[in-house]
Each structure stands twice: as structure tokens, then as C-alpha cells.
Amino acid sequence: MDRIRQMQIFIQVMESGNFTRAAETLAIPRSTVSTEIQALEDRLQTQLLFRSTRKVVPTQDGRRFLETAQNIVDAVTTSEQMFLPGNLCLSGRLRVDIPSRIARRLVLPALSDFIAQHPHLTIDISASDRKVDLVADGVDCVLRLGVLLDSDLVCRPLGEVDFVTCASPAYLARHGLPKKLDDLSSHLLINYSPQLPASNATLEFQQGEHLIEIKMRSAITVDGAEAYVAAALSGLGLIQVPAYDVRHLLERGELKEILPDTPPPSIPLSFLFTKRRNLSPKVRVFLLWLESVLERHGVISQSPTQRESIDKSA
């Protein structure tokens with residue numbers, strides 16, 4: 001068995017979490033997986049995996065080798081497919097992390113078309129609002145809303161997402177409709193923080209070139225986007241949320257926008273992946289498809305993936 005195949009088996013073991021599932025995915029005997037991993041370690045003269053009866057965990061050398069192996073396998077796959085007509089024949093497992101509301105409302109309803117185009121690709125979607133570690137969590141790519149601080153990731157900016165400040169009619173009936181920023185002193189904010197305990201409750205507004213931050217009183221804090229919107233619908237306070245996400249609720253009158261002349265600042269939406277010599281074909285194809293979904297629903301106004309350069313986050 002050649003060296004590329006050994007790398008493919010090692011990558012599959014890392015993706016599957018143990019030898020048995022890797023063997024099932026690759027349709028080869030478990031003994032072959034074990035033998036080839038041992039041969040790979042002997043050839044590299046280092047231990048790549050810690051083995052137990054239930055799972056395998058990469059050693060430090062195993063983590064380092066994984067990135068190199070992925071780059072090599074991706075390069076070989078791309079080279080072999082570059083002259084094939086039509087779509088790439090993508091296979092293997094793609095692990096993606098997407099904010100919960102985007103995943104539930106936009107990505108999952110459209111995913112059947114993508115799967116139909118790439119039936120040999122298995123997709124793991126983490127639909128959470130926590131900040132994942134791509135390397136430690138074994139994630140190929142993430143969609144992230146907000147200012148980025150990751151210095152070890154490659155960032156593909158997708159655009160700016162517009163936000164609105166809103167509340168339920170029931171809440172506004174009890175507390176009044178604020179007509180200027182000073183009126184917010186008598187209002188309650190539903191505080192949002194992916195990690196609890198939360199920091200201070202604030203609202204942000206854009207006035208010309210100036211960003212205004214207003215400290216608010218808050219009776220409730222939530223750590224998920226679904227709970228955030230649900231709390232607003234229940235009349236528990238004000239929220240600031242992506243405009244696309246509550247457009248249907250505003251149109252039906254279940255939420256009402258406040259202070260429309262002083263909107264919150266827009267927030268960048270970015271696609272992140274680890275620094276690798278070659279962007280994986282399955283990540284590249286998924287990115288193009290994801291952008292089309294976001295554009296179709298008005299989340300972003302333009303697609304920058306045709307740019308030749310890739311911006312690195314600072």
C-alpha cells in the first residue's frame with residue numbers, strides 16, 4: 001500500500017475517532033487500518049496516536065503530521081481531478097461550525113441540494129454559538145460573526161451584516177416606545193453572552209462616524225441565539241440582532257424595530273479555516289455554496305470569494 005493511501009487512512013482515523021469506524025468508512029478490514037497506521041509510524045519513526053479500547057487521540061507529532069498529510073492528500077486529489085469535466089467528485093468528511101440561527105434557518109433547509117450534488121461527502125455541522133478551536137475540535141472551517149482575533153487562522157471576509165434594535169409590542173406597551181437614545185434609561189435589555197457569567201449589558205449605536213455604547217439594565221442573560229430571540233418575543237426586553245434573522249418577525253408584527261434612525265453598527269461575517277498550503281477542495285466548494293445561500297437570503301450583499309487574495313486575520 002502506497003504512502004498516500006497510508007496518509008488517507010491516518011486522516012480517516014482522525015476524522016472517525018477510532019479504527020473501527022475508519023475501517024467501515026474506507027470499506028477495508030480493521031486489521032488493515034491498524035497495520036498501515038503502525039507501518040506509517042514505523043516509517044516516520046514517531047508515535048502518531050495514543051490508542052485505547054474506545055478511541056484514539058493524536059500525539060503532538062500526530063497533530064503536526066495531520067496538517068501535512070491533509071495538504072499532500074488534498075494536492076494529489078486536486079491534481080487528479082483538475083481535468084475532469086463537471087463537478088469535483090468530493091468525498092470524505094467535512095466538519096463545519098455555523099452560528100445556530102444561520103444553521104437552523106438558512107443552511108440546513110438548503111443542504112439537501114448540496115448533498116445531492118456531492119453524494120459521497122459526509123458533513124458534520126456544529127450549530128452552536130460557542131467559539132470553537134478548529135485544531136483541537138477537529139473542525140475544517142467555521143462561519144463566524146464578529147470581530148476576529150484569531151492570529152493562527154486564515155480569514156475570508158464575506159461582508160457586513162446589518163443589525164436592528166427591536167422588542168415585542170407587548171414589551172413596548174408596558175415600557176413605552178423609545179424615541180431617542182436618552183429614553184433607553186428606563187428600558188431593559190436582554191443580555192446575550194455565549195459564555196456565562198456575562199459581562200456588562202450594553203447596546204451599541206452608530207451615529208455618523210461615532211460609536212455610542214449605552215449601559216443597560218438587564219433582568220435576564222442568555223447564551224444562545226435561539227433563546228435570545230425567544231426572550232424578545234416573550235416581552236422580556238430589547239435585543240440587537242441581525243436584520244435578516246428577524247425580518248419575518250418584523251413583517252408579521254411579532255417584533256417592532258426601535259430607533260431606526262440610529263441603527264446598531266454592522267458586524268463582519270467571515271469564513272475561517274486553518275493555515276494550509278492548499279485549501280481543501282471540499283472546503284472551497286462548500287464556501288462557494290454557502291455564500292450563494294447567504295446572498296439569496298440577503299445576509300450579505302456581495303460575494304468576495306472571487307478575489308485572488310485571502311486576508312489573514314490579525
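This is a predicted model, so every value here is computed, not measured.
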- Please collect all salt bridge (charged side-chain N to carboxylate O under 4.0 Å, His left out) contacts where either partner lies in residues 161-179, sequence neighbours excluded, each pair once. none

- Identified side chain to side chain contact (heavy atoms under 4.5 Å, CB included) partner of Ile102 from the options Leu108, Leu143, Val293: Leu143

- Arg63 versus Leu66: any side-chain heavy-atom pair under 4.5 Å? no

- Query: Can you name the nearest heavy-atom pair linking Ala167 to Gly237, along with the distance?
  - Reply: CB-O, 3.9 Å

- Message: Are Val57 and Ile37 connected into the same hydrophobic cluster when the rule is that any two of I, L, V, M, F, W, Y join if their side-chain heavy atoms are below 4.5 Å apart?
- Response: no

- Task: Decide yes or no on side-chain hydrogen bond (donor to acceptor under 3.5 Å, both in side chains) for Thr20 and Arg30, but give the supporting numbers first.
- Result: CA-CA 6 Å; Thr20 300; Arg30 185 191 183 284; 3.3 Å; yes

- Over all heavy atoms of both residues, which pair between Pro109 and Ser112 is shortest? Give the atoms and the distance, please. O-OG, 4.5 Å

- Task: Write down the atom of Pro58, the atom of Gly62, and the distance for their closest heavy-atom approach.
- Result: CB-C, 4.3 Å

- Task: Starting at SG of Cys166, measure out to CG of Leu233 and round the result to the nearest 0.5 Å.
- Result: 8.5 Å

- Query: Would Glu67 and Asn71 count as having a side-chain donor-acceptor pair, cut-off 3.5 Å?
  - Reply: no

- Query: Hey, does Gln240 have a side-chain heavy atom less than 4.5 Å from the side chain of Tyr192?
  - Reply: no

- In this structure, which one of Asp124, Asp140, Thr122 forms a side chain to side chain donor-acceptor pair (under 3.5 Å) with Arg93? Asp124

- So which heavy atom on Asp182 is nearest to which on Ser185, and how close? O-OG, 3.2 Å

- Query: Rounded to the nearest 0.5 Å, how far does CG of Leu238 lie from CG of Leu188?
  - Reply: 7.5 Å

- Task: Could you check whether the rings of Trp289 and Phe114 sit parallel, tilted or perpendicular, using 30° and 60° as the cut-offs?
- Result: tilted

- Minimum side-chain heavy-atom gap Leu121-Val285 below 4.5 Å: no

- Task: Say whether Val164 and Val222 are linked into one hydrophobic cluster, either directly or through other cluster members, by side-chain heavy-atom distances under 4.5 angstrom.
- Result: yes

- Item | Where Ser168 and Ala232 come nearest, the two heavy atoms and their spacing | CB-O, 3.3 Å

- When rounded to the nearest 0.5 Å, the distance separating CD of Gln47 from CG of Asp42 is 11.0 Å

- Message: Tell me whether Ser270 contacts the main-chain N or O of Arg156 through its side chain, where contact means a donor paired with an acceptor under 3.5 Å.
- Response: no

- Task: Rounded to the nearest 0.5 Å, what's the gap from OG1 on Thr68 to CE on Met7? Could you check?
- Result: 8.0 Å

- Message: Would a single hydrophobic cluster contain both Val13 and Ile72, if residues Ile, Leu, Val, Met, Phe, Trp and Tyr are joined by side-chain heavy-atom contacts under 4.5 Å?
- Response: yes

What donor-acceptor contacts under 3.5 angstrom involve side-chain atoms of residues 204-214, with partners at least two apart or in another chain?
unit_1, atom_1, unit_2, atom_2, d
Gln206, NE2, Gly208, O, 3.3
Gln206, NE2, His210, O, 3.4

- Message: Working note: Lys282 + His118, criterion side chain to side chain contact (heavy atoms under 4.5 Å, CB included); need CA distance, chi angles, decisive distance, verdict.
- Response: CA-CA 9 Å; Lys282 57 189 176 184; His118 308 285; over 6 Å; no

- In chain order, what residues pass the ring pair (Phe, Tyr, Trp, His ring centres under 6.0 Å) check against Tyr171, with sequence neighbours excluded? His175, His187

- Under 4.5 Å between any side-chain heavy atoms of Leu26 and Arg5, yes or no? yes

- Task: With sequence neighbours excluded, tell me which residues meet salt bridge (Lys or Arg N to Asp or Glu O under 4.0 Å) with Arg104.
- Result: Glu226

- Message: Within this structure, what is the CD-CD1 distance for the pair Gln12 and Ile9, rounded to the nearest 0.5 Å?
- Response: 9.5 Å

- Query: Would Leu203 and Val241 show up in the same hydrophobic cluster when neighbours are defined by side-chain heavy atoms closer than 4.5 Å?
  - Reply: no

- Closest heavy-atom pair and its distance - Ala231, Ile190: C-CD1, 3.4 Å

- Quick one: pull up CD in Glu295 and CG in Leu290 and give me the separation to the nearest 0.5 Å. 10.0 Å

What donor-acceptor contacts under 3.5 angstrom involve side-chain atoms of residues 246-261, with partners at least two apart or in another chain?
unit_1, atom_1, unit_2, atom_2, d
His248, ND1, Arg105, NH2, 3.2
Arg252, NE, Glu254, OE2, 2.5
Arg252, NH2, Glu254, OE2, 2.9

- Message: Let's go through Gln117 and Asp113 carefully: what are the C-alpha distance in whole Å and the side-chain angles of both, what is the deciding distance for side-chain hydrogen bond (donor to acceptor under 3.5 Å, both in side chains) to 0.1 Å, and is it a yes or a no?
- Response: CA-CA 6 Å; Gln117 295 173 26; Asp113 290 338; over 6 Å; no

- Ala230: partners by side-chain contact (heavy atoms from CB on, under 4.5 Å), with sequence neighbours left out: none

- Query: Is there a chain of hydrophobic side chains (I, L, V, M, F, W, Y, each step under 4.5 Å between heavy atoms) that links Val161 to Phe271?
  - Reply: yes

- For the residue pair Tyr244 and Leu294, establish whether any side-chain heavy-atom pair is separated by less than 4.5 Å. no

- Within-4.5 Å side-chain heavy-atom neighbours: Leu145 and Pro242: yes

- Mind checking whether Leu158 and Leu287 have side chains closer than 4.5 Å, heavy atoms only? yes

- Going by heavy atoms in the side chains, are Met14 and Leu49 under 4.5 Å from each other? yes

